Amino acid sequence: MTATSTTAPASQTLSRGIRMLEILAEANGPMTIAELAEDLGVHRSIAYRILRTLESHRLVTRDESGRVHGAPGLAVLASSVQRDLQSAALPELTLLANELKMCAFIAVWDQPDCTTLVTVEPRHVHAAVVQRPGSRHPFGHGAPGIAMQSTLTQAQWEALNHETPYRQIASEARTLGYATSIDEVIPGLSSVAAPIAVPGQLPAAVAVVYSTGSRTNEVAAIGARLKAAARAIEAELG
C-alpha cells in the first residue's frame with residue numbers, strides 16, 4: 001500500500017511534466033503559466049511547481065514578461081535522439097530545402113504516429129510552410145507514413161499486427177520509390193516523401209511539405225529528388 005501511494009503521484013507528476021513540454025512544443029509561441037495550467041487541466045500552483053522542476057533541468061525558461069519558452073536543455077536531449085540519422089540527414093536536408101524552396105524534414109515511425117525528427121527551412125524564402133521538429137501526426141495519414149509502409153509488402157505489414165491498416169497506395173509508392181499526399185494531415189498542405197532504410201533503427205522518411213496546388217506539375221521531379229536524397233543519407237549511414 002505504501003509503495004502504491006508513493007509511486008502513483010510520482011508517475012502523475014512525470015506525466016504532467018512531459019505533457020507540459022509537449023504543449024510548449026506544439027504552441028506557436030511562448031505561453032503564460034495560466035495558459036499552461038489551463039491546457040494541463042491543473043491548478044496554477046501545480047503548473048508552477050512542474051515549471052520550476054523543468055527550469056531546474058534547463059528544459060524551459062521564462063522571459064522578462066514571465067512567458068515560458070523551451071530552453072537549451074531540450075536541444076541537448078533532442079541531439080541524442082537517433083544522432084547518426086540526424087547527422088547524416090542534415091546536409092541533404094539543407095540541399096533539398098534550398099534547391100526546392102520548401103521545408104525539408106526527416107520523419108520517423110513513432111507508433112502510432114509519425115514524428116518529425118529534424119527540419120531545415122529554405123533560406124531567403126518568406127512564405128515556406130514550416131514543419132517543426134517534434135510535431136506528430138497519425139501514421140496512417142500523410143506521405144511519410146505511406147513511404148515508410150511502402151518498404152514492406154502487405155503481408156509483411158500485417159504480420160506486425162500494427163493497428164494502422166496497410167494502404168494500397170503504399171504498393172504504388174513501393175514501385176515509384178516515393179509517396180505523395182494531398183490535404184491528409186493539414187487541409188491545404190501536400191507532401192512528398194521517400195523512405196530511408198536505417199539498419200537497426202526505426203523506419204524513417206525524408207520529406208518536403210508545401211501548399212497544395214503550388215507545385216502540382218513538379219511532383220515527379222520532387223519525388224525523384226527525394227529518392228536521391230534518401231539514397232545519399234543511406235550511403236552516409238553505411
Side-chain angles (χ1 to χ4, degrees), residues 25-29 78 82 85-110 112-151 164 167-198 202-234 236:
E26 294 165 0
N28 292 325
Q82 295 193 286
L85 177 56
Q86 291 195 59
S87 298
L90 196 56
E92 287 299 320
L93 291 180
T94 303
L95 287 172
L96 280 174
N98 292 313
E99 182 180 321
L100 299 177
K101 307 301 182 186
M102 299 177 183
C103 178
F105 61 98
I106 297 293
V108 294
W109 183 17
D110 184 16
D113 298 322
C114 278
T115 296
T116 300
L117 182 66
V118 59
T119 298
V120 173
E121 298 175 41
R123 293 193 302 267
H124 312 307
V125 176
H126 302 293
V129 178
V130 177
Q131 179 83 3
R132 299 185 185 281
S135 61
R136 301 190 307 274
H137 63 266
F139 188 82
H141 296 77
I146 299 169
M148 288 183 238
Q149 205 174 50
S150 74
T151 62
T164 304
R167 300 178 64 180
Q168 289 307 311
I169 194 172
S171 297
E172 300 173 23
R174 188 179 180 86
T175 301
L176 291 172
Y178 65 89
T180 63
S181 66
I182 301 173
D183 302 339
E184 285 196 5
V185 178
I186 299 175
L189 297 184
S190 295
S191 183
V192 182
I196 302 171
V198 186
L202 293 173
V206 56
V208 293
V209 62
Y210 55 94
S211 297
T212 296
S214 63
R215 309 289 287 270
T216 304
N217 298 328
E218 303 173 40
V219 169
I222 294 169
R225 182 64 185 86
L226 288 172
K227 285 168 58 178
R231 301 296 82 78
I233 293 169
E234 290 171 351
E236 184 65 23

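The structure displayed is predicted, hence computed values, not measured ones.
When all heavy atoms of W109 and M148 are compared, the pair lying nearest together is N-SD, 3.6 Å. Smallest separation of non-hydrogen atoms from A97 and A104: N-CB, 4.1 Å. Between G177 and P195, the closest heavy-atom pair is O-CD, 3.6 Å. Across I169 and T180, no two heavy atoms sit closer than the pair CD1-O, 4.2 Å. Between V185 and G142, the shortest heavy-atom distance links the atoms CG2-CA, 3.8 Å. For K227 against Y178, the heavy-atom pair with the smallest separation is CD-CD2, 3.8 Å.
Atoms CG and OG1, on D110 and T116 in that order, are 10.5 Å from each other to the nearest 0.5 Å. Separation of atoms CG (L176) and CD1 (I146) is listed at 11.5 Å; rounding is to 0.5 Å. Between the CG atom in L100 and the CD1 atom in I222 there is a gap of 6.0 Å [rounded to 0.5 Å]. Atoms NZ and CZ, from K101 and R123 in turn, are 8.0 Å apart once rounded to the nearest 0.5 Å.
In this structure a side-chain-to-backbone donor-acceptor pair under 3.5 Å is present from E234 to A197. In this structure, T212 contributes its side chain and L189 its backbone to a donor-acceptor pair below 3.5 Å.
Among residues at least two apart or in separate chains, salt bridge (Lys or Arg N to Asp or Glu O under 4.0 Å) pairs with a member in residues 173-194 are R167-E184.
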Q. Between L96 and V120, is a side chain to side chain contact (heavy atoms under 4.5 Å, CB included) present by the stated rule, with each step listed?
A. CA-CA 9 Å; L96 280 174; V120 173; over 6 Å; no
(Q) Using side chain to side chain contact (heavy atoms under 4.5 Å, CB included), reason through V192 and E218 one step at a time and then give a plain yes or no. (A) CA-CA 11 Å; V192 182; E218 303 173 40; over 6 Å; no
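Using a 4.5 Å heavy-atom threshold, the side chains of V209 and I186 count as separate.
Checking each of S190, S191, P187 against I182 for a side chain to side chain contact (heavy atoms under 4.5 Å, CB included) leaves exactly one that passes, namely S190.
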